[in-house]
Each structure stands twice: as C-alpha cells, then as structure tokens.
Amino acid sequence: MSTKHQELVGFIWSVADLLRGDYRQSEYGKVILPFTVLRRLDCVLKETKGEVLEAKAELEAKGIQNPRNLAKAAGHTFFNKSELTYEIAVRDPDQVAKFLKEYVRDFSSNAFDILEKYDFLQQIDRLDKAGLLYQVAGKFADIDLHPDVVDNHQMGYIFEDLIRRFSEVSNETAGEHFTPREVVRLMVNLVMVPDEEALAQPGVVKRILDPACGTGGILAEAQDHILRSNRDATITVFGQELNAESYAICRSDMMIKGQSAENIELGNSFNDDQHQGRKFDYLLANPPFGVEWKKVKDDVEDEAERGYAGRFGAGLPRINDGSLLFLQHMLDKMKPVEDGGSRIAIVFNGSPLFTGAAESGESNIRRWILENDWLEAVVALPDQLFYNTGISTYFWILTNRKESANKGKVILFDARDCWAKMPKSLGDKRKRITDDQIAELTEAYRAALTVANHPEHPMRDKVKVFDNSHFGYRRITVEQPLKLRFEISEENLVQLQASAKIAKAVGDVDVFADAFKPLVGRIWSTKVEAWDAIRQALVEAGLLWPKGTAFAKELRDIVGVRDPEGEVQTLRGGASEPDPVLRDNENVPLREAIDAYMEREVLPHIPDAWVDHDKTKIGYEIPFTRQFYVHHQPRSLEEIDADLLTLEDKIQKMLGEVTR
C-alpha cells in the first residue's frame with residue numbers, strides 16, 4: 001500500500017472521530033462512504049461543469065429534457081446539473097444542509113439512486129441535527145479526489161479499504177455483505193486457474209456474475225485477476241443484491257473506479273431475477289448461510305412446478321436454507337458448452353454437502369449436479385475465517401466444460417490446515433489465509449486437475465479424486481417377517497373392550513369380551529389353533545364370528561404377541577408379512593449390487609430378511625470429513641490408570657497442604 005493511499009484512507013477514516021458518541025461504530029460507514037462517493041463524483045465532474053451548464057441552458061431554452069445530452073456534455077455516464085459545486089454547497093455553516101441537499105438532488109438518476117440507497121438525505125438531516133454536518137462535510141472539502149491526483153485504480157483500492165474497515169468494526173453483520181479478501185482471492189484463483197493461458201490471449205471478452213454480490217468485492221477481485229495478466233481484456237461484471245446499502249456500496253465502488261455500474265441490480269435473485277436470459281463465463285458468489293426463503297416461497301414453488309423450464313426443476317431445499325437455490329440459479333446461467341461453457345465458484349457451509357435424505361430436495365439437487373457431471377471439486381476451508389461465523393466452510397467449483405481427464409470425477413481438497421492466526425480477532429474471524437498459502441493452494445489445485453491421487457502431487461494426503469457415482473447410494477428398506485404367538489390375558493380383554501373396531505363388528509363389546517374369559521391364560525403357537533379355540537368359545541357363549549377382515553386383523557393385533565420363535569404371518573398369495581417394528585433401512589453404494597450387499601451385510605445375521613424394492617430410493621451426499629478421517633488408536637487402559645493415579649497423588653498432596 002502506497003504512502004499516498006495510507007494518507008488518504010487515514011484522513012477519510014479520521015472523520016469517524018467526529019461521529020463518535022452520536023453514531024455507533026457500526027454506523028460510521030453510513031456517513032463516510034456516501035460522502036467519499038459524493039466528493040469523488042464532484043471531483044470527476046469538475047472539468048466539464050461549464051459544458052453541462054451550457055447544455056442545460058440550451059435544452060431549457062428549447063423546452064427539452066434530455067439527460068443523454070447532459071451526460072455527453074459531462075463526458076461520463078453520470079452528471080450534475082446544479083450550479084453549485086461541492087465546495088460551494090458546504091462552505092456556509094447556516095445553509096450547508098439546504099445547499100447540500102439541492103446539490104445531491106441535481107445528480108443524474110443513476111448517481112442519485114446510489115446516494116439515495118445510502119439514505120444520504122436522511123443522514124444529512126441527522127448530522128445537521130447533531131451539529132456535525134458542517135464539520136463532516138468540510139473535512140471532505142479538504143481532500144482532492146480528482147482522477148489526476150487519485151486515479152481510478154487507486155481510488156478503487158481506497159474505497160475497498162474503507163469498506164473493509166467498516167465491515168470489520170461491524171462484525172455482527174459483516175459476513176452478510178463482505179467476504180474476507182483473502183477468501184475471495186483464493187476462490188477466484190481456483191475457479192480461473194485452468195483458464196490462465198486463455199485469459200492472457202489478446203481480444204479476451206468475459207462476463208462475470210455474482211447473484212449475491214454484497215459490496216462487490218468478489219466481482220472486483222475477479223475482474224482485477226484477469227486484468228492483472230491481460231490489461232486489454234474486456235471484462236463486464238454483473239451483480240444483484242438484496243440489501244439496499246450493500247447495493248449502493250457496490251455500485252458506488254464501480255462508479256468511483258470509472259466503471260459502468262448499470263449491471264448491478266437491486267432485488268431478490270430468487271423471485272426477481274434481474275439478469276434473466278443472460279449467460280456468463282464466470283459465476284461466483286458467497287450467499288448468506290442458512291437464510292430462509294419463506295418470503296418468496298410461493299414464487300419459487302411456482303417456478304419449480306415448471307420443471308427444468310425454470311431454474312428450480314431439480315428440487316427445492318428446506319425452507320430455512322436457500323443456499324442450493326443460489327447454486328441452481330447460477331447453473332441456469334451457464335453458457336452452453338458450444339459457446340465456451342462456464343465456470344462457477346460458490347461458498348457454502350457444510351449443510352449442502354449432506355443434508356436431506358434420499359430423494360429429498362437437497363439430495364435430488366446433488367444428484368442432478370453429479371449426474372450432469374458439473375461438480376469439479378469441493379474445497380474444505382479452515383474454520384473461523386469469516387467475521388460473523390466460526391463454522392467450517394467449503395468452496396464448490398463447478399463447470400460444464402471439464403477437461404477429458406476430469407470427466408466423471410470429483411476432486412475433494414482438504415485445505416483446513418492452511419491458515420495463520422490473526423494478530424487480532426475480528427468478531428468470529430480468528431484465522432486468515434496468507435498470500436503464500438493462497439499461492440500454495442492454487443498450485444496444489446492446478447496439480448489436482450492433472451496429477452491428483454498421484455505420488456507426485458504436492459499435497460497428495462489432502463487431495464482425493466472419486467467417480468461421481470461414489471457419492472450416490474440406494475436407500476433400501478430391509479423387511480423381516482412378522483412372527484407371532486397368540487395368547488389371551490386380562491390385558492387383552494381390556495384392549496378388546498376399548499377397541500372401536502371390535503365394537504363396530506360385534507355390537508355389545510362387553511358380552512363379547514365375557515366369551516373370552518374362559519380362555520384367559522391360554523397360549524397358542526399358530527393362528528389357526530388360536531382362531532379355532534376362540535370360535536369354539538364364541539359358540540359356547542351363543543355368539544357368531546363377525547364377518548369382515550377388519551375384525552380379524554384387529555383381533556390378531558390384540559391377541560398376537562411378537563415372538564422370534566413364533567409363527568410367520570403371511571399375506572394373501574403366501575408371501576411373508578413384513579413386521580413394521582423390525583423394518584430397517586440401509587444405504588447401499590450405487591456401485592454395489594443390492595443382492596451382494598445383502599449377502600455380505602444382512603443375511604448372515606438375519607437369514608429371513610428381504611428387500612422391498614418398491615421402496616428403494618436414490619440419494620446423493622458428499623460426506624467430506626469421512627473421506628479424510630484418520631483413525632487414532634486410543635490410549636491403553638494401563639496408561640489412563642497411571643495418569644489417574646498420578647492425578648490422585650497430586651490432589652492428595654494439595655489437600656494435605658491446605659489442611660496443615
């Protein structure tokens with residue numbers, strides 16, 4: 001970072017000293033960021049101010065309102081038609097609020113929209129009421145942010161540095177809108193590493209989307225990554241953001257850098273897709289973890305009903321976590337392979353890897369992705385990397401243009417040990433990934449695409465490659481026969497009298513139950529024997545056996561007792577009746593035949609078990625940690641006993657010293 005950069009950031013940041021007491025730390029950015037934007041825009045427009053006012057006068061004389069003419073006169077995509085400049089608007093302490101509002105309102109709609117999303121006019125009133133407006137506004141009048149003094153590239157870094165600082169002092173919400181820069185750099189490196197040679201070629205034109213762009217850090221880094229190796233590349237970035245303030249920061253950051261912000265949209269990507277029909281070369285995102293989508297439930301479900309004609313045809317995740325909706329949204333915007341295809345990187349917590357049983361929404365989405373061979377890799381990151389959560393996180397890297405060597409395969413890359421301790425914790429962020437570690441991980445990922453599972457791989461213990469089918473399984477239902485003996489007890493009689501089905505079949509249930517009393521204490525090994533005895537008892541009591549299968553089934557459920565040595569009950573046709581109490585489920589890998597699995601795992605223990613194939617379901621999950629689990633032999637009992645004896649001796653000595 002240059003001395004000039006540090007001086008400017010330090011000077012702008014010093015405004016926070018004026019706000020202390022009247023504003024909370026987490027609110028400093030609401031003032032300083034829009035003032036920085038306003039001052040930059042004013043300096044950029046300074047040289048063409050006269051031309052804009054002349055064009056304005058000519059248009060007014062003709063009774064014409066044409067913003068395009070004013071933008072052309074300004075030489076930029078935005079303009080300000082006020083006769084005021086920033087310095088003039090803020091130099092009168094008694095009129096600063098009035099003049100500053102007038103000046104802001106005279107910006108073109110694209111610039112005013114940004115300031116409006118900051119609630120800047122309300123901040124002017126709040127500062128004025130607190131007696132701070134003249135001081136704060138005057139501070140910014142003292143700095144020159146003209147492009148001749150601070151070029152677009154440097155201004156972009158200054159603004160990003162301010163965004164980072166405000167995010168770090170507002171740890172409770174930073175993670176929702178700001179991704180740590182080293183995490184962004186690593187993600188961009190990994191998604192673009194296979195394309196490095198192609199991106200350095202002349203005439204490169206690429207489009208990048210972040211559908212949850214926050215303050216725009218991922219888009220900025222992705223663009224800069226390409227431009228660092230190819231200054232002549234044409235990069236167009238697109239974004240969408242739900243939070244109005246983050247949207248304003250993102251757009252103003254781009255405007256400050258001299259880039260077009262027209263492709264950054266405000267709204268919910270799930271039900272208000274602002275980039276519908278567009279396709280992109282790279283798609284990157286860090287969507288909020290575990291955020292519910294209840295507010296847009298109806299719209300999302302309506303689109304899901306359209307199947308693959310919409311974005312959510314593969315399935316819908318649980319209502320309290322929309323992560324996989326973001327991924328489906330991004331996959332919908334991949335370019336066809338014949339047009340060059342696309343690459344995707346997204347940050348997830350662990351939930352999308354395994355949450356959801358077979359044929360649930362989550363499982364079906366994973367199945368759709370893996371069966372289409374889009375998942376290139378899952379990269380496990382260290383925990384405690386983010387400002388507002390310490391949980392483990394993962395990159396999912398996806399593409400529809402895998403190299404032939406990687407087709408049908410998924411790389412699992414364990415980078416959980418690659419971190420350095422933060423000099424000072426920032427909320428939940430206690431770890432960081434250093435520049436050297438980013439370079440090491442990037443090279444390791446590059447190698448994983450070519451020599452994974454090879455002894456020469458630099459991190460061979462941390463990289464594993466599996467066939468797509470490795471993550472699929474059949475959820476089978478294992479049945480066992482219902483085995484019963486039959487007996488009548490006092491408890492049975494109570495059940496008979498309480499049964500609505502028995503009462504419906506026999507009428508006077510008490511008289512019916514009395515007929516059973518002579519049988520109390522009797523046990524039969526087969527249903528035929530039991531039924532013969534019960535029929536005889538009913539005849540002796542002057543009663544008939546009721547008609548209908550409902551009665552017979554209810555009677556069996558009451559007098560039948562489960563017994564491993566009992567009679568196997570059969571269905572019509574002679575097949576064994578399954579016992580729902582003994583019903584179990586097993587997950588059988590897709591690569592293994594169900595019969596072979598049963599022969600090895602089940603039948604040696606339960607010889608009469610069978611599979612109900614009508615209930616079999618297909619599921620997919622990615623149990624990442626299981627693939628890298630290393631068994632550590634527990635200590636022997638002798639070692640543990642020795643430690644306990646040592647601790648007992650220490651405790652006794654300590655107690656002896658206390659009681660002296």
Side-chain angles (χ1 to χ4, degrees), residues 304 307-308 312-319 321 324 328 350-375 378 396 408-410 412 464-484 553 556-557 560 562-629 631:
Y308 294 109
F312 309 123
L316 297 178
R318 292 162 302 142
I319 197 72
D321 188 357
L324 286 170
Q328 289 182 89
S351 179
L353 290 170
F354 51 79
T355 297
E359 298 190 8
S360 65
E362 291 93 344
S363 178
N364 285 342
I365 294 167
R366 290 189 291 266
R367 178 180 182 178
W368 173 63
I369 290 169
L370 286 161
E371 290 186 350
N372 278 285
D373 197 21
W374 291 329
L375 184 60
V378 176
W396 285 34
K409 300 182 183 299
V410 175
L412 300 187
K464 297 185 179 181
V465 179
F466 299 94
D467 291 339
N468 292 342
S469 61
H470 178 82
F471 305 107
Y473 63 91
R474 296 182 188 90
R475 181 74 166 174
I476 63 171
T477 300
V478 178
E479 302 283 15
Q480 297 181 47
L482 176 63
K483 297 179 181 180
L484 300 175
K553 185 177 186 306
R556 190 199 70 175
D557 290 344
R562 284 180 172 82
D563 185 340
E565 303 301 323
E567 178 189 41
V568 173
Q569 304 302 296
T570 58
L571 300 169
R572 184 177 297 176
S576 296
E577 179 181 353
D579 186 345
V581 173
L582 298 178
R583 183 173 293 143
D584 199 5
N585 295 106
E586 299 275 345
N587 289 347
V588 180
L590 279 183
R591 297 161 293 131
E592 183 171 4
I594 293 176
D595 290 344
Y597 179 89
M598 289 290 291
E599 287 285 346
R600 186 183 74 250
E601 300 291 342
V602 178
L603 296 181
H605 311 287
I606 314 171
D608 53 3
W610 74 93
V611 175
D612 184 346
H613 291 283
D614 290 338
K615 295 178 180 175
T616 298
K617 296 180 178 181
I618 303 295
Y620 277 80
E621 64 178 9
I622 305 173
F624 190 101
T625 54
R626 190 192 309 163
Q627 309 302 330
F628 291 92
Y629 173 74
H631 175 72

R626 vs E621, salt bridge (charged side-chain N to carboxylate O under 4.0 Å, His left out): CA-CA, chis, key distance, verdict: CA-CA 11 Å; R626 190 192 309 163; E621 64 178 9; 3.7 Å; yes
Verdict with supporting geometry, K615 and E479, salt bridge (charged side-chain N to carboxylate O under 4.0 Å, His left out): CA-CA 11 Å; K615 295 178 180 175; E479 302 283 15; 3.3 Å; yes
N585 vs T477, side-chain hydrogen bond (donor to acceptor under 3.5 Å, both in side chains): CA-CA, chis, key distance, verdict: CA-CA 5 Å; N585 295 106; T477 300; 3.3 Å; yes
Worked check of side-chain contact (heavy atoms from CB on, under 4.5 Å) between Q627 and F466: CA-CA 10 Å; Q627 309 302 330; F466 299 94; 3.4 Å; yes
Test log, rule side-chain contact (heavy atoms from CB on, under 4.5 Å), inputs L412 and V465: CA-CA 6 Å; L412 300 187; V465 179; over 6 Å; no
Residues R475, T616; criterion side-chain contact (heavy atoms from CB on, under 4.5 Å); working and verdict: CA-CA 6 Å; R475 181 74 166 174; T616 298; over 6 Å; no
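By the side chain to side chain donor-acceptor pair (under 3.5 Å) test, S351 pairs with R318, T355, sequence neighbours left out. By the side chain to side chain donor-acceptor pair (under 3.5 Å) test, Q328 is found to be paired with no residue, residues two or more places apart in sequence or in another chain being considered. Under the side chain to side chain donor-acceptor pair (under 3.5 Å) criterion, D557 pairs with K553, sequence neighbours left out. D563 meets the side chain to side chain donor-acceptor pair (under 3.5 Å) test with R485; sequence neighbours excluded.
N468 contributes a side-chain N or O that, together with a main-chain N or O of L370, makes up a donor-acceptor pair within less than 3.5 Å. Between the side chain of D612 and the backbone N or O of D614 there is at least one donor-acceptor pair closer than 3.5 Å. Remark: the backbone N or O of G408 is paired with a side-chain donor or acceptor of D373 at under 3.5 angstrom.
Taking a cutoff of 4.0 Å between a charged side-chain nitrogen and a carboxylate oxygen, K483 and D579 do not qualify as a salt bridge. Between E577 and R556, at least one side-chain nitrogen of the basic residue sits less than 4.0 Å from a carboxylate oxygen of the acidic one, meeting the salt-bridge criterion.
Looking at heavy atoms from C-beta onward, L375 lies in side-chain contact with W396 at the 4.5 angstrom threshold. Looking only at side-chain heavy atoms (C-beta outward), V410 and F471 come within less than 4.5 Å of each other. No side-chain heavy atom of Q569 sits under 4.5 Å from any side-chain heavy atom of P481.
Of all the heavy atoms in R366 and P352, the pair that sits closest is NH1-O, 2.9 Å.
Rounding to the nearest 0.5 Å gives a distance of 8.0 Å between CE of M598 and CD1 of I606. Taken to the nearest 0.5 Å, the OG atom of S360 stands 12.0 Å off from the CZ atom of R367.
Evaluation of the ring-ring contact (aromatic ring centres under 6.0 Å, His included) test over residues 605-624, restricted to residues two or more places apart or in two chains, returns Y394-F624, F624-F628. Legend: salt bridge (charged side-chain N to carboxylate O under 4.0 Å, His left out) pairs involving residues 590-599, not counting sequence neighbours, sorted by first then second residue: E592-R600.
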